[in-house]
Protein chains: 2
Amino acid sequence: MATIKDIAKLAGVSVTTVSRALNGYSDVNTKTKQRIEEIAKEIEYSPNALARSLVMNKTKTIGLLVSGLSREGAKDNIVFDVLTGINEFCGAEEYDLVLFNTTTSKQKEKTYAQLCRERRVEGVIVQGIKNDDPYLQEIFDSNIPCVLIDVPVESETAGYVTTDNVDGIMKTIRHLAKLGHENIAMVNGHDQAFVSKERFKGFELGMLEAGLTVRNEWVCDGEYSERKAQEEALKLLNTYPEITAFVCASDLMALGVVRAAKELGRKVPDQLSVTGYDDITLASYVTPALTTVAQDCFRMGYAAADLLLSILRQTSGDRVRLIENELKIRNTTKEIK
Amino acid sequence: MATIKDIAKLAGVSVTTVSRALNGYSDVNTKTKQRIEEIAKEIEYSPNALARSLVMNKTKTIGLLVSGLSREGAKDNIVFDVLTGINEFCGAEEYDLVLFNTTTSKQKEKTYAQLCRERRVEGVIVQGIKNDDPYLQEIFDSNIPCVLIDVPVESETAGYVTTDNVDGIMKTIRHLAKLGHENIAMVNGHDQAFVSKERFKGFELGMLEAGLTVRNEWVCDGEYSERKAQEEALKLLNTYPEITAFVCASDLMALGVVRAAKELGRKVPDQLSVTGYDDITLASYVTPALTTVAQDCFRMGYAAADLLLSILRQTSGDRVRLIENELKIRNTTKEIK
DNA sequence: CTGAAAGCGCTAACAT
DNA sequence: ATGTTAGCGCTTTCAG
């Protein structure tokens, strides 16, 4: 593979000159510069990013730590959307992305910091990390620039992007309350996600605002799984048939609840209202289409990359990006009779 | 950031010894080795993969060239599934993935080979490339190890993974024919995808096998888009109401056709049968659930990574991996009355 | 068992 | 405008 040395030899100049010519420095004679460029093209030279990074101490690379990069992640296209957003922004900024492998069994052999430092990524975007993951503390301790999705961590070098999850659920409750619902249950996700806490807070606050009471036995953990949500909803509906609406912390779980309702012969939305969260692709395609809180995951990814680069460049002091969400009213919610 | 030099100094040995100790060479005194490892841990040393790669001429990195990494790609989870499969295999083999940015406007500034050589990736997996993309020729010309998804390219250093697209559609036709359908139309995808040709061939062969005639005016191009497929199907159904079944080259297009049918008040599957291809997540969630040819995209990705590494290691001579597909009969196909 | 020295391909002072 | 030199952090002969 051709190097600048080869070019230098062919052009009869020093490697320094070649380096400068190729990197667009002004202090190179126009003719030599031209000659060098021609030769470079001719011998199909391509710069060795490794060598360059080594000496410049900059890799133009950001790392991606993704927990949901598994077979199941395909159903909710969240991970994918975020990834796309990141990719979009990084493309424009000429940063490349490296996907770290954390799916392996030996993920715990290497510490987070090691993973990043080995590859000399300039920063990291972390997605889908659970709040009992040991990496989380490391992220906070290390000084590697980092942006988390939906995990509130703030430091000199770390920030996060999220949506207003409290408000998202509150909007939902308001909508439900306006439709006359009073007996509202919630299917939350597991505790290892920060958003679960927020969404539950939104539930409490929303109920309070509507003058309704939260019954703790009507709040269950669907583990962000369709099947589990279905089971839990089934139990709840059997025990408390007076429930008229379910607020779910994810669309997949809402789908599970709709299944449960169907199983019991309760029509959605006529006899039961159900709401989701996320607005995954399925939400609008399914029948009845899901009323849900839409998160723009693409924008979240885009903003995450933006924030990370601004941390890298120390251009701004803020460490948080809040993305708007929106209640999409579709066909799983209806006025109570 | 700590280097082996630091360790060497602290341990009172040469860098050579440190290097050997850390890389598990046998010819190092056990005690020195232990000391070195302790120090390494203490000062939080992590090896610089850049430097190592530079000297070893191996990066343990494979590149990913993905065309469908855009906002729309989220609907069909194909790209994501393939990615997941690749990631799974590479994780086990300790290879990292770098995502190349081809979405940028300046994608044509850099040639394919440049892109790969700059980052010194050991090989590349290419997905979603269209057959009029100039990169394709470059892939063939260059000697960079490469595996394509669904694009038949074979050379010393290149191979591909795909499914039997001809057979996939033939299975569909067989199914439809058995249900009594004779007036079968096809919504194919655009010409820039290799699979389109295959799927059309499957259509011809299938019809032939069933003793049915292909009417060219009943074959249209849905461009793999839901909306376009809907439009085309609408036209066709208006002009030729005798059509009783649509074979589509993708699930998204099948969804479009179902929409068109609904628009015209034709019930699916009672008054019109529709089949898809891919078995994306939507296919089974939508009502009526789509009869479709399922491709295991996860396995395709997994196989692609497997094939690439075997090319890199020159362990086997085959350059093709064929993944099974399966006709999933659901609720958009029905016996004709 | 250990060290000295060379070199991977490149950039960046510091001359000239 | 160009060249000399040093060095990024690591591995690898080759000598001891």
Side-chain angles (χ1 to χ4, degrees), chain A residues 1-37 39-40 43-61 94 96 113-122, chain B residues 1-37 39-40 43-61 94 96 113-122:
Chain A
M1 216 166 286
T3 71
I4 48 170
K5 223 164 159 182
D6 300 325
I7 303 182
K9 218 168 283 173
L10 288 169
V13 295
S14 76
V15 290
T16 316
T17 307
V18 176
S19 172
R20 276 191 291 234
L22 261 24
N23 288 301
Y25 281 62
S26 56
D27 58 348
V28 178
N29 183 296
T30 323
K31 278 186 180 164
T32 21
K33 186 177 169 175
Q34 251 171 30
R35 197 151 36 93
I36 286 171
E37 282 170 345
I39 295 174
I43 65 174
E44 292 192 308
Y45 167 76
S46 35
N48 187 331
L50 257 39
R52 175 185 279 153
S53 296
L54 184 59
V55 58
M56 303 229 294
N57 215 20
K58 288 192 98 231
T59 53
K60 282 286 208 171
T61 305
E94 311 235 19
D96 277 331
Q114 275 176 321
L115 210 57
C116 302
R117 284 202 301 241
E118 252 178 49
R119 287 280 176 180
R120 291 303 190 268
V121 295
E122 295 183 25
Chain B
M1 215 164 285
T3 71
I4 49 170
K5 223 166 162 179
D6 301 322
I7 302 182
K9 220 168 280 172
L10 289 168
V13 297
S14 76
V15 291
T16 315
T17 307
V18 176
S19 173
R20 277 191 290 234
L22 260 25
N23 287 303
Y25 281 61
S26 55
D27 58 350
V28 178
N29 184 295
T30 323
K31 279 187 181 165
T32 18
K33 187 176 171 176
Q34 252 170 30
R35 197 149 38 92
I36 288 171
E37 282 171 344
I39 295 173
I43 65 175
E44 292 193 309
Y45 167 76
S46 34
N48 187 330
L50 257 38
R52 175 183 280 155
S53 296
L54 183 59
V55 58
M56 305 230 294
N57 215 19
K58 288 193 99 230
T59 53
K60 281 287 208 171
T61 305
E94 311 232 22
D96 276 331
Q114 274 176 321
L115 210 57
C116 302
R117 283 202 300 240
E118 251 177 51
R119 287 282 177 181
R120 292 300 190 270
V121 296
E122 296 183 22

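The sequence lines fix the lettering, A, B, ..., with proteins before strands; numbering per chain opens at 1. As a basis for the values below, the full set of heavy atoms in this structure was taken, side chains included, without hydrogen atoms, waters or symmetry mates.
Regarding contacts with the backbone of C/dA12, a side-chain N or O of A/Tyr25 is found under 4.0 angstrom from either OP1 or OP2.
In this structure, A/Lys33 and A/Ile36 have side chains that are not in contact, with every pair of non-hydrogen atoms separated by 4.5 Å or more. The closest side-chain heavy-atom distance from A/Arg119 to B/Asp96 is below 4.5 Å.
Side chain of A/Asn23 to backbone of A/Tyr25: no donor-acceptor contact under 3.5 angstrom is found. Between the side chain of A/Asn48 and the main chain of A/Leu50, a donor-acceptor pair closer than 3.5 Å is present. Using a distance-only test at 3.5 Å, with no hydrogens or angles considered, a donor-acceptor pair links the side chain of A/Glu122 to the main chain of A/Lys60. Judged purely by atom type and a 3.5 angstrom limit, B/Thr59 uses its side chain to pair as donor or acceptor with the backbone of B/Arg120. A/Arg117 places a side-chain N or O within 3.5 Å of a backbone atom of B/Glu44 that can act as its donor or acceptor partner.
Counting any heavy atom pair closer than 4.0 Å across all strands shown, A/Asn29 reaches sugar-phosphate atoms only and no base atom. In this structure, B/Thr32 reaches the sugar-phosphate backbone alone: every heavy-atom distance under 4.0 Å involves primed, P, OP1 or OP2 atoms, never a base.
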Donor-acceptor pairs are to be reported for all side-chain atoms of residues 12-22 of chain B against protein atoms at under 3.5 Å, with residues two or more places apart or in another chain.
{"from": "B/Ser14", "atom 1": "OG", "to": "B/Thr16", "atom 2": "N", "distance (Å)": "3.3"}
{"from": "B/Ser14", "atom 1": "OG", "to": "B/Thr17", "atom 2": "N", "distance (Å)": "3.4"}
{"from": "B/Ser14", "atom 1": "OG", "to": "B/Thr17", "atom 2": "OG1", "distance (Å)": "3.3"}

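Using a 4.0 Å cutoff on non-hydrogen atoms, the parts of residues 13-22 of chain A near DNA chain D are A/Val13, A/Ser14, A/Thr16, A/Thr17, A/Arg20, ordered by number.
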Please list, for nucleotides 7-9 of chain D, all pairs of protein and nucleotide N/O atoms separated by less than 3.5 Å.
{"from": "D/dG9", "atom 1": "N2", "to": "B/Ala51", "atom 2": "O", "distance (Å)": "3.4"}

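Between A/Ile7 atom CD1 and D/dT2 atom P there is a gap of 15 Å when expressed in whole angstrom units. If you take CG of A/Asp27 and P of C/dA15, they are 17 Å apart, rounded to a whole angstrom. Between the NZ atom of B/Lys33 and the P atom of C/dT2 there is a distance of 12 Å, given to the nearest Å.
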